[in-house]
> 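Take a look at this one; I'll ask things after.
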Amino acid sequence: MENTESSISSSSSGTRIEGYEGGPPLCHCSRVTKVTKSWTDDNPGRRFFRCPIHGFYSWADVEKACVWQKLSLIEAREQIRRQQLEIRQLKDKISEQFRPSIQSREGSDSNPSRPISVEDKSLEISVLEVDILNASEREKMLKQVLILSWGGFIAVTAIIVATLKD
């Protein structure tokens, strides 16, 4: 069941959910449940109590959504998914397009033939930030390899010294 965590309305007397005065109910395993929103085709947008171990516990909403609400929520969910995919694809295209231009600018000492726009600079900055993150990950890995190799060197040296003492 696809779902997302949802907040519960709060008041001065604590958490209130219609029909549940003391807050969310406890699961049969005695764990506190959280209100979660369902995004399945059968119950889009419907809130339910979810146990972190056992999953679905019970519905928090008193009644199911009407047909038009259900269809509207399903359409909105699908549109959001399409837009997220399109954004991901556009970001990939942008990073591919600007990587060669950044490399060519690094190789030339002369001024670029066209002025750099704010959008170009922000894209270049985002590409450089990704490169910095990748470099820092490589640096961490190399540090670990260096530490392990020194540890191995010290261990081998100690074994050789101990063998020569005997």
Side-chain angles (χ1 to χ4, degrees), residues 1-12 14-17 23-24 27 31-57 59-61 65 69-158:
M1 174 181 287
E2 185 180 343
N3 53 53
T4 57
E5 294 296 321
S6 159
S7 63
I8 303 169
S9 62
S10 297
S11 68
S12 60
T15 304
R16 287 182 33 225
I17 300 172
C27 180
R31 287 189 172 80
V32 176
T33 59
K34 290 185 179 181
V35 174
T36 305
K37 192 176 284 187
S38 168
W39 286 108
T40 63
D41 288 343
D42 292 335
N43 296 297
R46 192 165 181 201
R47 297 182 315 154
F48 66 95
F49 294 107
R50 181 177 186 274
C51 172
I53 303 297
H54 299 103
F56 177 83
Y57 178 72
W59 292 112
D61 294 338
Q69 291 170 323
K70 179 179 175 180
L71 292 176
S72 177
L73 287 169
I74 290 172
E75 288 172 4
R77 177 192 66 189
E78 293 306 317
Q79 183 178 3
I80 290 169
R81 286 180 179 168
R82 283 192 305 271
Q83 288 173 343
Q84 287 173 336
L85 176 63
E86 184 179 358
I87 289 169
R88 235 180 281 128
Q89 291 170 342
L90 289 172
K91 283 182 177 180
D92 290 343
K93 283 183 181 179
I94 289 170
S95 65
E96 288 173 11
Q97 287 177 346
F98 280 93
R99 193 170 299 277
S101 69
I102 291 170
Q103 291 170 351
S104 67
R105 285 185 189 155
E106 289 173 350
S108 66
D109 292 335
S110 63
N111 292 334
S113 59
R114 65 176 178 87
I116 300 172
S117 69
V118 174
E119 292 84 16
D120 288 346
K121 285 189 178 208
S122 65
L123 290 172
E124 188 172 335
I125 288 170
S126 64
V127 169
L128 291 173
E129 286 173 345
V130 169
D131 289 343
I132 288 170
L133 289 174
N134 289 337
S136 67
E137 289 297 318
R138 284 191 299 265
E139 181 183 2
K140 286 178 187 176
M141 185 179 70
L142 289 173
K143 283 181 181 179
Q144 291 174 348
V145 168
L146 183 64
I147 290 170
L148 289 174
S149 64
W150 269 104
F153 174 75
I154 292 170
V156 169
T157 305

> Between CZ of R50 and OG of S38, what distance do you get to the nearest 0.5 Å?
11.5 Å
> Supply the atom-to-atom distance L128 CG to I132 CD1, rounded to the nearest 0.5 angstrom.
6.5 Å
> State the CD-CG distance between E124 and D131, to the nearest 0.5 angstrom.
10.5 Å
> Check the surroundings of atom CD in E78: do more than 12 heavy atoms from other residues, nucleotides or ligands lie under 6.0 Å from it?
yes
> Within the structure provided, determine whether F48 and V35 are in side-chain contact (heavy-atom separation under 4.5 Å).
no
> Could you grab the distance from atom CZ of R77 to atom CZ of R82, nearest 0.5 Å is fine?
11.0 Å
> List the atom of W59, the atom of R47, and the distance in Å for their closest heavy-atom pair.
CE3-O, 3.5 Å
> Please give me the minimum heavy-atom distance between C27 and T33, naming the atom from each residue.
N-CG2, 3.9 Å
> Indicate yes or no: at least one non-hydrogen side-chain atom of Q89 is less than 4.5 angstrom from one of L85.
yes
